[in-house]
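A note on names: the letters A, B, ... follow the listed sequences, proteins ahead of strands, and every chain is numbered from 1.
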Amino acid sequence: MSATATIEANKGGAQPAAQPLANHIEAKGLNKHFGKVAALEDINFGIRNQEFVSVLGPSGCGKSTLLRIIAGLIPYESGSATVRGEVIHSPRPDIGVVFQTNNMLPWLTVRKNVELGARIRKMPAQARDHAVDKVLEVLSLSKFADAHPHQLSGGMRQRASIGQALVLDPPILLMDEPFGALDALTRDKLNVELLRIWQEHRKTVMLITHSIAEAVFLSDRVLVMADRPGKIIEEVVIDLPRPRDAAATRALPQFGEYVAYLGKIMGVTK
Amino acid sequence: MSGVSPRLVAYAQVVSFFGAFLLFWEYGVRYFEVKSYILPPISAIAVAIWESRDQIFEHSMYTLAEVLIGFIAAVVVGIIIGMIVYVSPFAQRTIYPLVTALQTTPKSALAPLMIVWFGYGFVSKVAMAFLFAFFPIVVATLGGFAGTAKNLEEHFRALNAGPWTTFTTLRLPSALPAFIDGCRVAMPLAMIGAIIGELVGSDRGLGNLIMLGTASSRTDLVFGCIIVITLISLVLYAAIECAAKSVWWRGIQV
Ligand SMILES: Nc1ncnc2c1ncn2[C@@H]1O[C@H](COP(=O)(O)OP(=O)(O)O)[C@@H](O)[C@H]1O
Ligand SMILES: [Mg+2]
């Protein structure tokens, strides 16, 4: 299989040691237990500045746990986890997090919801208003600024959730299956939007997903996890040309090859 | 029928149902020759209310004051205890189970005790209204605080939100629907508490008037008081409903 051969070759070039740029996010020998359940075992990876990395894995393999550790929301036992060289012990202002369940407060308008992070982090009012306007515009939510979350579609709510993280313009974005609850069509559209935002604003992104196509379409690199205990079993560099495009990129033969290869690793296809 | 709005039909149904009920009461007691000290015709009750209107009004205001003060005290103490339990793990371990256990005490059994403690007058009835209203409010408030969505709490933690910000921006608004539900239950209970207190021992109030009416076989006046008590309760309940409208996000999941 030539596709596999290409990918294997890519894998060789993806060794973190060969990279001149420092890792923005790094885990070394990370372990995490919940009681007796080993949620994560010996996790090692790095994500470079402005790199887009997806984490793929079956449900329950510890993806959310890994993201929570990086986000500084839960402690870990052994090994190390660092962001920009600093050991993680609490949530950091330079990290924005988007969770699978959108974090809209039902009693606030979309604008107030998007503004929330900026308010909590005490951004000056003028800068805050400016940032909120910009984010609403980027996410095509300006018209819905004064609507309440329950008046929006699921896709719009998830976009607003991303807006909540973007408003502080954090250099690092962690996303836990942000489109997991959406239908395939909406998901594809939001993938394109996310890609556009990332291409314009270049952030370090760690995206957790269980959609292989989403991971291939968006990422520079995909980490594949297995469960019981949760560990990283494979790392695949997605060497598709950038800037990527909704139709053209998905139509590339390599796109299909990556999808098939990752499907094979994950046991979806034989 | 085509020109008649469904709303008008529904309205007509309600009016005719209650009209029929009142007519049946009025002429039923006459037809079956029910003694008027057992069940007076509705017209006699209306006359009794009208003739004793000054007396009924004065006693109503007295009872209303007991109910409102008891209820407001229950709201204030309920919120304070809710907040203490929220901020203090110690209170969570001690006060919370205590309140939950005391909730099951039959409050009416405490009426004689309240009179021993606070006397025959106003204060013992306020205490009764308070006792009846307090538990539903505090239990609902605690439930409201505890029921804050876990994902939203995590979201606030990820933003490094301080405890006060988290409380005012997240916990309080998300507890409000449950709190209002508690008030909804507590309001009629406050009235029941005050009336029980007055029945057990008092010198004023609608409960007292009922006792006087019963002692002098003025069943028409007793019924008059019951109707007035019901009306006051309805008005108070409607006021809570009005307040509840501003907490429109009850039950909305996004
Ligand atoms: N707070 C927790 N307490 C106990 N077990 C947990 C907790 N969070 C996650 N787990 C367990 O850890 C494992 C990984 O969970 P999670 O990270 O949510 O997986 P994923 O996001 O990949 O679906 C699962 O077996 C889950 O049951
Ligand atoms: Mg998960």
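Both the backbone and the side chain of B/Leu170 come within less than 4.5 Å of a heavy atom in chain A. For a residue to count as touching a neighbouring chain, one of its non-hydrogen atoms must lie under 4.5 Å from one of that chain's; by this rule A/Leu168 touches chain B with the side chain only. Neither the backbone nor the side chain of B/Thr166 comes within contact range of chain A; no heavy atom of the residue lies under 4.5 Å from a heavy atom of that chain.
Annotation for A/Glu137: atom CD does not count as buried by contact number, only 12 or fewer foreign heavy atoms lying within 6.0 Å. Counting non-hydrogen atoms of other residues, nucleotides and ligands closer than 6.0 Å to NZ of B/Lys150 gives a total above 12. Within a 6.0 Å sphere centred on NE2 of A/His130, heavy atoms belonging to other residues, nucleotides or ligands number 12 at most. Atom CD of A/Glu200 has more than 12 neighbouring heavy atoms from other residues, nucleotides or ligands inside a 6.0 Å radius.
Considering every non-hydrogen atom in both B/Leu159 and A/Ile120, the closest pair reads O-CG2, 3.6 Å. Looking at every heavy atom in both residues, B/Ala158 comes nearest to A/Pro91 through O-CB, 3.5 Å.
Using cut-offs of 30° and 60° for the angle between ring planes, the B/His155 and A/Phe99 rings count as perpendicular. The aromatic rings of B/Trp248 and A/His150 sit tilted, their planes meeting at an angle between 30° and 60°.
Ranked by heavy-atom pairs under 4.5 Å with chain B, the first of A/Arg121, A/Met104, A/Gln100, A/Arg119 is A/Arg121. Of the listed residues (A/Val97, A/Leu116, A/Ile95), the one with the most heavy-atom contacts under 4.5 Å to chain B is A/Leu116.
A/Leu105 is listed as a side-chain neighbour of B/Phe156, based on a closest heavy-atom distance under 4.5 Å.
Here B/Thr169 contributes atom OG1 and A/Lys112 contributes atom NZ; the two are 11.0 Å apart, rounded to the nearest 0.5 Å. Interatomic distance, B/Ile252 CD1 to A/Trp107 CH2, rounded to the nearest 0.5 Å: 11.0 Å.
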